[in-house]
Amino acid sequence: MSGKPRLTYLNGRGRMEPIRWLLAAAGVEFEEVYLETKEQYDKLIKDGFLLFQQVPLVEIDGMKMVQTRAIMSYIAGKYNLYGKDLKERALIDMYVEGISDLMQMILMFPFSPPDAKEKNLESIKERATNRYFPVFEKVLKQHGQDFLVGNKFSWADVQLIEAILAVEEKVPDVLSGFPQLQVFKTKMSNMPTIKKFLQPGSPRKPPPDAHYVETVLKVFKK
């Protein structure tokens, strides 16, 4: 073992991408194992690697962790990205949960039937501009600081920059009414660890394509 966290998932974004983002933002290098067949997935279950028969699977500090939220809480705590006290942690949790709701829509979008794609894209735009981004615009404006919580870089900031870039891929002008978030996006994108993750050749995955959707359906078919 190299001591690096080992991530097992498909070669695409999915539920592993926020974990990749968080590790990369913390400056942690990791290894990846990609599932390409149902047999590989079934073997992980048979070997007892997947507590709830689900991936992502992250092997870190001698643990085989599943459940995205638990994995990310552990990484955020380990690398000092989870606030200084319970109140800050509660705020980070609230923001992360809100962003996760928006990201869930983006996660499911590639699997939309062709006749529902336009409607689902409109839903993403509507939720981002009317429900989620206004919250973070207001938070940043009210406290006038660079980061969402405690004027310190946290898990919430990582989730938000990931969400902004993911929505912008589908709705390029989504930040046009959010000047604070435009400044936030520029600052976050220039942080050394995040800047590195945004460069070509990094472990960041491209937007899901037809091949990724096909692989997901093949690996996880009942």
Side-chain angles (χ1 to χ4, degrees), residues 1-76 78-79 96-97 99-114 116-117 120 124 155 158-159 161-163 165-167 169-170 193-194 196-222:
M1 280 293 284
S2 67
K4 292 178 184 175
R6 182 180 162 105
L7 283 49
T8 302
Y9 197 70
L10 292 89
N11 188 6
R13 289 185 183 174
R15 297 188 188 282
M16 187 65 92
E17 193 69 355
I19 297 168
R20 295 184 188 108
W21 263 92
L22 193 55
L23 284 167
V28 180
E29 291 186 0
F30 51 87
E31 297 173 348
E32 298 203 62
V33 177
Y34 298 128
L35 299 176
E36 290 166 359
T37 66
K38 187 171 190 312
E39 289 70 31
Q40 288 173 297
Y41 176 56
D42 288 342
K43 186 175 188 312
L44 283 176
I45 295 172
K46 184 166 170 282
D47 292 348
F49 274 42
L50 305 180
L51 201 60
F52 300 107
Q53 302 184 15
Q54 292 172 315
V55 286
L57 167 67
V58 174
E59 296 169 75
I60 183 170
D61 295 342
M63 296 186 290
K64 291 179 174 59
M65 294 195 72
V66 293
Q67 298 296 334
T68 308
R69 172 74 207 212
I71 294 165
M72 294 183 74
S73 294
Y74 182 80
I75 292 166
K78 179 178 170 75
Y79 294 105
V96 162
E97 289 289 319
I99 300 162
S100 297
D101 291 344
L102 176 60
M103 290 302 287
Q104 178 66 16
M105 297 173 74
I106 293 168
L107 189 73
M108 297 314 295
F109 180 76
F111 302 92
S112 311
K117 275 207 171 356
N120 290 350
I124 290 169
W155 174 16
V158 181
Q159 287 272 102
I161 183 63
E162 181 193 0
L165 296 178
V167 176
E169 285 173 352
K170 296 177 170 37
T193 55
I194 291 179
K196 185 180 175 187
F197 190 60
L198 294 175
Q199 301 302 313
S202 85
R204 186 184 182 215
K205 304 304 177 210
D209 58 11
H211 174 71
Y212 173 72
V213 170
E214 192 182 300
T215 307
V216 170
L217 297 175
K218 180 176 74 178
V219 171
F220 298 130
K221 70 181 177 204
K222 298 295 183 206

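Small disclaimer: the values here were computed from a predicted structure and weren't measured. Worth knowing before you read on, the calculation uses all heavy atoms, side chains too, and leaves out hydrogens, waters and symmetry mates.
Residue R20 forms a salt bridge (charged side-chain N to carboxylate O under 4.0 Å, His left out) with just one option from E32, E29, E162, and that option is E32.
F30 places a side-chain heavy atom less than 4.5 Å from the side chain of P203. P207 is not listed as a side-chain neighbour of Y212, based on a closest heavy-atom distance of 4.5 Å or more. Contact check for K64 versus L57: side-chain heavy atoms found under the 4.5 Å cut-off.
Heavy-atom neighbours of K196 NZ from other residues, nucleotides or ligands within 6.0 Å: at or below the threshold of 12.
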Subject >> Intermediate values then yes/no, side chain to side chain contact (heavy atoms under 4.5 Å, CB included), F111 and V216 >> reply: CA-CA 10 Å; F111 302 92; V216 170; 3.8 Å; yes
Original post:
Given V55 and V219, is the side chain to side chain contact (heavy atoms under 4.5 Å, CB included) satisfied, shown in steps?
Top reply: CA-CA 11 Å; V55 286; V219 171; over 6 Å; no
**OP:** Could you walk me through whether R204 and L165 pass side chain to side chain contact (heavy atoms under 4.5 Å, CB included), step by step?
**Re:** CA-CA 12 Å; R204 186 184 182 215; L165 296 178; 4.0 Å; yes
Original post:
Are I106 and R13 close enough, and set up right, to give a side chain to side chain contact (heavy atoms under 4.5 Å, CB included), and what steps lead you there?
Top reply: CA-CA 11 Å; I106 293 168; R13 289 185 183 174; 5.9 Å; no
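Nearest heavy atoms, Q67 versus F52: NE2-CD1, 3.3 Å. The shortest heavy-atom contact between S112 and N120 is OG-ND2, 2.9 Å. Between I99 and Q159, the shortest heavy-atom contact is CG2-O, 3.6 Å.
A donor-acceptor contact under 3.5 angstrom links the side chains of R15 and Q104, judged on distance only.
Salt bridge status for E31 with K4: absent, with no side-chain N to carboxylate O gap under 4.0 Å. Residues R69 and E97 are paired through a salt bridge, judged by an N-O separation under 4.0 Å between the basic side chain and the carboxylate.
Under a 3.5 Å cut-off, the side chain of S202 and the backbone N or O of F197 do form a donor-acceptor pair. Looking at D209, its side chain does come within 3.5 Å of a backbone N or O of H211 through a donor-acceptor pair. No side-chain donor-acceptor contact under 3.5 Å links K205 to the backbone of N11. At least one donor-acceptor pair under 3.5 Å links the side chain of Q40 to the backbone N or O of E36.
Atoms NZ and CG, from K218 and L35 in turn, are 11.0 Å apart once rounded to the nearest 0.5 Å. Rounding to the nearest 0.5 Å gives a distance of 10.5 Å between CG of D47 and CG of D42. Note that CG of L22 is 10.0 Å distant from OG1 of T193, once rounded to the nearest 0.5 Å. To the nearest 0.5 angstrom, M16 atom CE is 6.5 Å from T8 atom OG1. Going from atom OH of Y9 over to atom CD of Q54 covers 10.0 Å, rounded to the nearest 0.5 Å. From I19, atom CD1 reaches atom CD1 of I75 across 6.0 Å, with rounding to the nearest 0.5 Å.
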